[in-house]
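This is a predicted model, so every value here is computed, not measured.
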Amino acid sequence: MPTTPSFDPAWLDREYNNRALVPEHGDIFARWARDSALARQAPGALIDVDYGSGAGEQLDIFPAEGGGAAPAPVLFFIHGGWWRSLDKADHSFIAPAFTRRGACVVMPNYALCPAVTIPHITLQMVQALAWTFRHIAAHGGDPRRITVVGHSAGGHLASMMMNCDWPRVGADLPADLPRNGMTISGVHDLEPVMHTPFVQPSLGITPQQVAQASPARLPAPRLRKGRGAIEAFAGGIESSEFRRQTRILQQAWGRKVVPVCEELPGLNHFTVVDALADPAHRLHARALALLGL
């Protein structure tokens with residue numbers, strides 16, 4: 001399994017501290033908040049729907065615009081923030097570009113470290129995705145056409161969802177849930193993060209968690225009749241580690257499971273999320289293709 005070229009603490013902090021690498025991140029977050037507040041006012045939006053009873057176990061649903069006769073494909077988006085910050089409400093701005101094209105968008109929250117562990121958060125996303133499969137038809141979504149997408153820590157969680165043994169979660173859940181996925185700037189090997197000083201005190205990653213919750217250290221998901229593939233992207237001007245973290249998923253799982261692995265020119269760790277919501281960008285087009293739109 002590929003590892004980082006160095007576990008030097010200062011080097012790891014430089015590579016993984018995206019807020020330091022993108023000094024304008026405050027302006028980006030302010031724009032996200034403004035645009036997300038508008039998106040949450042959309043007719044039909046359902047905010048803070050419980051998918052469980054624990055801390056952070058709510059999700060937002062943005063139904064497809066127009067409400068066509070056929071059920072809409074579902075974009076299940078998992079936010080980032082190093083498993084310790086940010087919120088689904090910060091990312092609602094992503095939804096309108098997809099609901100206008102006929103997708104139903106679901107955005108789950110999760111509890112944050114250090115109150116919980118990364119494996120706990122992973123199981124919360126399993127619970128949220130299972131809830132979505134069981135209930136999204138009531139909101140116009142097609143439970144058999146769920147695409148899971150995540151950014152950064154959310155990219156890690158999206159990849160973990162592709163590797164879940166769903167029938168063990170519930171007898172009513174299909175083995176090929178979700179249909180496919182996309183990881184954007186995802187963290188696919190937790191070992192270097194375990195050695196990164198600015199995040200490890202709040203994450204508390206252990207060697208056992210590295211083995212259990214690193215997608216690139218797990219067996220490749222099984223493809224089933226064209227279902228189960230995941231595409232991997234990173235911004236072209238992200239740190240060398242985030243670009244490496246993207247490549248290692250394809251190296252570990254193979255090109256059949258990860259058929260697309262790309263660095264997108266000119267994008268940093270935060271503007272790559274803007275690209276997902278930009279109808280003119282390739283990243284948005286790839287998401288639409290995964291949704292079948």
Side-chain angles (χ1 to χ4, degrees), residues 1-33 78-87 90-91 110 112-114 116-119 121-122 150-160 182-211 213-217 232-252 258 261-276 283:
M1 191 65 252
T3 59
T4 50
S6 169
F7 283 139
D8 174 70
W11 182 82
L12 287 166
D13 269 357
R14 287 194 301 272
E15 288 289 304
Y16 282 105
N17 191 341
N18 286 297
R19 297 192 186 195
L21 290 170
V22 184
E24 66 274 23
H25 69 269
D27 294 335
I28 295 173
F29 288 176
R31 173 169 48 78
W32 287 2
I78 309 174
H79 75 81
W82 279 120
W83 305 276
R84 66 177 187 172
S85 67
L86 299 182
D87 188 275
D90 301 312
H91 296 80
Y110 46 85
L112 299 175
C113 298
V116 298
T117 65
I118 292 173
I121 294 170
T122 302
H151 170 248
S152 196
H156 160 271
L157 295 166
S159 300
M160 292 295 288
M182 175 186 288
T183 174
I184 304 168
S185 307
V187 180
H188 301 119
D189 181 8
L190 297 180
E191 184 179 19
V193 182
M194 184 175 64
H195 297 279
T196 302
F198 91 100
V199 288
Q200 173 61 358
S202 56
L203 301 182
I205 299 171
T206 66
Q208 181 181 15
Q209 291 173 9
V210 169
S214 292
R217 293 172 182 256
F233 296 90
I237 58 173
E238 294 201 60
S239 71
S240 63
E241 266 298 273
F242 269 94
R243 288 181 281 120
R244 186 191 68 87
Q245 286 274 7
T246 297
R247 294 192 300 272
I248 63 172
L249 190 68
Q250 188 182 65
Q251 292 167 7
V258 190
C261 181
E262 294 183 11
E263 297 175 12
L264 301 169
L267 299 180
N268 63 43
H269 191 73
F270 304 113
T271 55
V272 72
V273 186
D274 293 324
L276 178 65
L283 188 61

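One N or O on the side chain of Tyr110 and one on the backbone of His79 form a donor-acceptor pair closer than 3.5 Å. Using a distance-only test at 3.5 Å, with no hydrogens or angles considered, a donor-acceptor pair links the side chain of Gln245 to the main chain of His188. Side-chain N or O atoms of His91 include one that pairs as donor or acceptor with a backbone N or O of Asp87 at under 3.5 Å. Side-chain N or O atoms of Gln250 include one that pairs as donor or acceptor with a backbone N or O of Val258 at under 3.5 Å. Between the side chain of Glu191 and the backbone N or O of Val210 there is no donor-acceptor pair closer than 3.5 Å.
Of the options Val199, Val187, Val116, Thr122, a side-chain contact (heavy atoms from CB on, under 4.5 Å) to Trp83 is made by Val187 and by none of the others.
Classification of the His25-Phe29 ring pair by plane angle, with boundaries at 30° and 60°, yields perpendicular.
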For the pair Thr117 and Gln209, evaluate side-chain hydrogen bond (donor to acceptor under 3.5 Å, both in side chains) and give the outcome as yes or no after the intermediate values.
CA-CA 9 Å; Thr117 65; Gln209 291 173 9; 4.6 Å; no
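Closest approach of Ala234 and Thr246 over heavy atoms only: CB-OG1, 3.3 Å. Looking at every heavy atom in both residues, His269 comes nearest to His151 through O-NE2, 2.7 Å. Looking at every heavy atom in both residues, Ala158 comes nearest to Ile78 through N-CD1, 3.9 Å.
Dense packing is recorded around CD of Glu24, with more than 12 heavy atoms of other residues, nucleotides or ligands lying under 6.0 Å away.
A side-chain donor-acceptor contact under 3.5 Å links Thr271 and Asn268.
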